[in-house]
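What follows is a single structure, written as structure tokens, with notes after it.
Note that the numbering runs from 1 along the sequence shown for the chain.
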Amino acid sequence: MSGAVAIAKGMGLVEQVGDFGYRFIHDSLWKAFYTMLPQLSRNKLHLEIGRVMKAKLRPSKGDCINEDSKQGPPQHITIIHSSVPEMDNNGFFVDRYLCSTVDQLNRGKDLMNDVGEIVELLMMNIKAAELSASDCSWKSALQYLEQITPMLRSDTHWACRYELCLVVNTMYAEINLSLCNFEATKSTVEIILRNGKSIDDTYDAYLLYMRSINSQKRTSDALSIALGVLNKLGVEADWLHQGESVEKDKFRAKTQKLVKKISSKRLAALPLISDERKLKAIKIFYWLLIAVYGTDLHELVSGKIFQLSIEYGLCEESVNGILTYASGYLPDKNKNEISRAAGFLHEQLNTEKLKHDYCLILGGYLQCWSDPLRDSLATLLDGLTVGNKNGFIDNAAICGSLLCSYSIFSGERLEVVEETMRSFAKWSKEERLYGSSRLGFLPFLQLVKCLQHGGKGPQASLLIGSEMDTEEMNAAAVKSPMVDCSLALCKVELACIFGDYAHAGEILLEAPDILKVRPGHFSGCRFTFYNFLASAELARKTKSSVWSKRAEVARKQIQDWIKDGNVNCDHLWPLVQAEHALIKGKKSSARKYFDHVIEAAESGPFLQDRAISMERTADFFHSEGDTILAVSCYTKSRDLFEEWGASAKQKRLTHKILILNRLLT
């Protein structure tokens, strides 16, 4: 123990920590002594401390670091580390102790004279930045890189340390993008592009720049950059900027022809991609797949990934592209073939990221067209769990949002649905998610609350309440097609359930084409059903051909889904046939179909659809003067709504039944 430390300990200013360490008993004492030191003395002290700490980062000559000893650190380091650290390729022990060491050395770096020590500190800053970035401590990572990026930006350093400059500047651009420092990202990317020797070296920088531009709502500019990069990679993609043209139609036809030729067996036997540039091109297209979601380009981009996969082989992104194309743009009868093959591919590649994406696409876009909808709920829950566990937060959020909406679609009890939504809302808040995945599920939560505790009179059919800010949602709907679709679907569903078909018609005339905006998503099926119900009712009341045509288009779409084997549409068909017969004025046929509706509503899932079907049946018999049968059907409908948990609707039907019973007596 030095004399100064002994004196300080005797005065009660410091206390011993472990065998060799000491610390001030209060931060105020430390700050007081520290501020009394001249700046030069501080820097010398930091440098000395940093060197002592750095010595403990490397094994001494007497320590044999072989494969066996890498199971744990040398004995003299166990005092410093609370857990067993890992060795990296340069011999550093990688943990937070390294970051503390670098912090000390950085403060005294201006006093370093040895070139080797300066270079070593440079490498330590890079390692500290990587460690901080792996913990999502972006600001800390940025501070480490800012210690060295100025010296690695000059042409001299690029000439003599090209690989190092490329890695550090790319990392610097990525961290700035994570912090939404778009100008810093842009300036760093420009340096990389100016000094990069080939597209292979500048590829990551281009991708970062595209992400940066797209984050600023400049998708068109991002597409232009993507087009240039793809051309440099030797992949033709001029159709990205051609709008609805003959070239696009040819491209669609080519892809559909390819799909018809390839079997699931051949698809599952495809090799892994070996051409690095084609792999990079597929990754660009996969990024575009997300950027152009909700536009006409989405089909073309996923189709291009399909083509490239057949021609050059598979990678993680290509399997997702194949699944996306199959789920959104193939007839239902082809979806099972492609998804079955994609399942083999998923097992072949076997990565956590692909496992999660597979859950997302399988549960959200494939199972819902071939298997009972409740099977999708289990798959989406797996996707949410796997994504959250492995850090794929954005896709986990999509799984969670789909889980919430599909729970309503499947007729799950509303109290269970609300519990699921509350859990997802809490998780979204903890993860600080404020995008379309969070906003997109809020209309469904508001729908649940309106069904449980709806307002009185005309207010009951309006999607308003405390669960969502109406102005915020309307503003978000303008920017996000997903939010716009969710909002329109929930509005029209609520209006139809409460029998406000005039309001439902207004919503339908302004609503987006959900089948086009969200291809393969089951919300398209639900929207089509409510579109048919409202259009059929308005066609009869107004005698308008506009509504008759809308009802017919929706009816044919539901019929096509059933023909293609969609088990989640089968239960809708008796009601669709009955309503269609009423539009045509065939009441006798309608009566027969309504008898089938009563039989179909006796059992099965989709509580809300069974309840709606029975209410529509009751409306028909009431209009025909058969009040006794009407009361019986209204009562069955009320009981189903009550079982579903839609208390507001149940109370309305109870009141209606009471009035009709009084008329009967």
Side-chain angles (χ1 to χ4, degrees), residues 89 122-123 125-134 136 138 141-142 144-146 148-150 152-153 155 157-159 161-216 218-219 221-235 237 240 272-291 301 305 308 312 315-318 320-321 351 353-354 391-392 394:
N89 294 332
L122 184 147
M123 300 304 294
N125 270 289
I126 296 173
K127 179 59 67 176
E130 289 177 345
L131 184 60
S132 298
S134 68
C136 296
W138 305 115
L142 190 64
Y144 291 121
L145 290 182
E146 284 176 341
I148 59 176
T149 45
L152 294 179
R153 289 190 168 188
D155 293 339
H157 279 88
W158 273 94
R161 291 190 176 90
Y162 177 78
E163 293 293 336
L164 182 61
C165 290
L166 181 64
V167 169
V168 171
N169 279 282
T170 302
M171 191 191 308
Y172 188 68
E174 184 172 11
I175 290 171
N176 272 293
L177 177 58
S178 299
L179 292 169
C180 297
N181 297 335
F182 299 126
E183 285 302 319
T185 303
K186 178 183 177 183
S187 61
T188 307
V189 166
E190 288 173 347
I191 291 171
I192 298 171
L193 298 183
R194 186 172 66 246
N195 292 280
K197 295 178 180 179
S198 68
I199 183 61
D200 298 300
D201 292 344
T202 58
Y203 169 81
D204 289 333
Y206 273 119
L207 196 57
L208 290 170
Y209 194 33
M210 284 187 289
R211 287 170 52 194
S212 174
I213 291 175
N214 191 59
S215 297
Q216 300 172 67
R218 295 162 52 197
T219 303
D221 293 339
L223 286 175
S224 297
I225 296 171
L227 182 59
V229 176
L230 288 168
N231 287 333
K232 289 181 180 181
L233 292 170
V235 176
L240 279 173
L272 297 179
I273 192 167
S274 58
D275 189 321
E276 282 296 319
R277 290 203 165 185
K278 295 305 183 288
L279 174 61
K280 286 182 169 70
I282 287 177
K283 290 186 176 183
I284 291 283
F285 278 118
Y286 185 67
W287 175 82
L288 286 172
L289 198 62
I290 300 169
V301 171
I305 293 176
L308 290 172
Y312 297 106
C315 63
E316 188 174 294
E317 290 79 9
S318 68
N320 284 329
T351 67
K353 179 68 167 63
L354 185 55
F392 311 131
D394 288 341

Note to self: Checking Leu142 against Asn181 for the side-chain contact (heavy atoms from CB on, under 4.5 Å) test, could you report, in this order, the C-alpha distance in whole Å, the side-chain angles of both residues, the deciding distance, and whether it holds?
What the structure shows: CA-CA 11 Å; Leu142 190 64; Asn181 297 335; 4.1 Å; yes
Checklist line | Taking every non-hydrogen atom, the tightest pair across Ala291 and Thr219 | finding: O-CG2, 4.1 Å
Note to self: When you compare the side chain of Asn169 with that of Trp158, does any pair of heavy atoms fall below 4.5 Å?
What the structure shows: yes
Next item on the list: Give the C-alpha distance, both sets of side-chain angles, the deciding distance and a yes or no for side-chain contact (heavy atoms from CB on, under 4.5 Å) between Val235 and Phe285.
Entry: CA-CA 10 Å; Val235 176; Phe285 278 118; 3.8 Å; yes
Next item on the list: Using modelled atom types only, decide if a donor and an acceptor are shared between the side chain of Ser132 and the backbone of Ala129 within a distance under 3.5 Å.
Entry: no
Check: Quick one: are Leu227 and Leu223 in side-chain contact, heavy atoms under 4.5 Å?
Finding: no
Checklist line | Value rounded to 0.5 Å, distance of NZ in Lys280 from CZ in Arg277 | finding: 8.0 Å
Item checked: Tyr172: which of Leu145, Ile148, Val189 passes side chain to side chain contact (heavy atoms under 4.5 Å, CB included) -> Leu145
Item checked: 4.5 Å side-chain heavy-atom contact, Ile273 and Ser318 -> no
Next item on the list: Using a cut-off of 6.0 Å, state whether more than 12 heavy atoms not belonging to Arg161 lie near its atom CZ.
Entry: no
Check: Does any non-hydrogen side-chain atom of Met171 lie less than 4.5 Å from one of Ile126?
Finding: yes
Margin query: I'd like to check the ring-ring contact (aromatic ring centres under 6.0 Å, His included) partners of Trp287; sequence neighbours left out, ordered by chain and number.
Written below: none
Notebook entry, point to check: What's the verdict on side-chain contact (heavy atoms from CB on, under 4.5 Å) for Lys232 and Thr202, showing C-alpha distance, side-chain angles and the deciding distance?
Noted result: CA-CA 11 Å; Lys232 289 181 180 181; Thr202 58; 6.0 Å; no
Notebook entry, point to check: How far apart are the C-alpha atoms of Leu164 and Leu122, what are their side-chain angles, what is the distance that settles it, and do they pass the side-chain contact (heavy atoms from CB on, under 4.5 Å) test?
Noted result: CA-CA 10 Å; Leu164 182 61; Leu122 184 147; 3.5 Å; yes
Margin query: So if I apply the side chain to side chain contact (heavy atoms under 4.5 Å, CB included) rule between Ile213 and each of Ile225, Leu208, Thr185, which one comes out positive?
Written below: Ile225
Margin query: If I take atom CG from residue Leu230 and atom OH from residue Tyr206, how far apart are they, to the nearest 0.5 angstrom?
Written below: 11.5 Å
Next item on the list: Find out whether Tyr144 and Leu131 are in side-chain contact, i.e. whether some heavy atom of one side chain is under 4.5 Å from a heavy atom of the other.
Entry: no
Notebook entry, point to check: From Ser224 OG over to Arg218 CZ, what is the distance, rounded to the nearest 0.5 angstrom?
Noted result: 10.0 Å
Next item on the list: For the residue pair Lys283 and Tyr203, confirm or rule out a side-chain donor-acceptor distance under 3.5 Å.
Entry: no
Check: Between Glu183 and Lys186, is the closest basic N to carboxylate O distance under 4.0 Å?
Finding: no
For residues 191-198, dump all side-chain donor-acceptor pairs below 3.5 Å to protein atoms at least two apart in sequence or in another chain.
unit_1, atom_1, unit_2, atom_2, d
Asn195, ND2, Ile191, O, 2.8
Ser198, OG, Asp200, N, 3.4
Ser198, OG, Asp201, N, 3.4

Note to self: Would you say that Leu207 contacts Ile284 through its side chain, given a criterion of any heavy-atom pair below 4.5 Å between the two side chains?
What the structure shows: yes
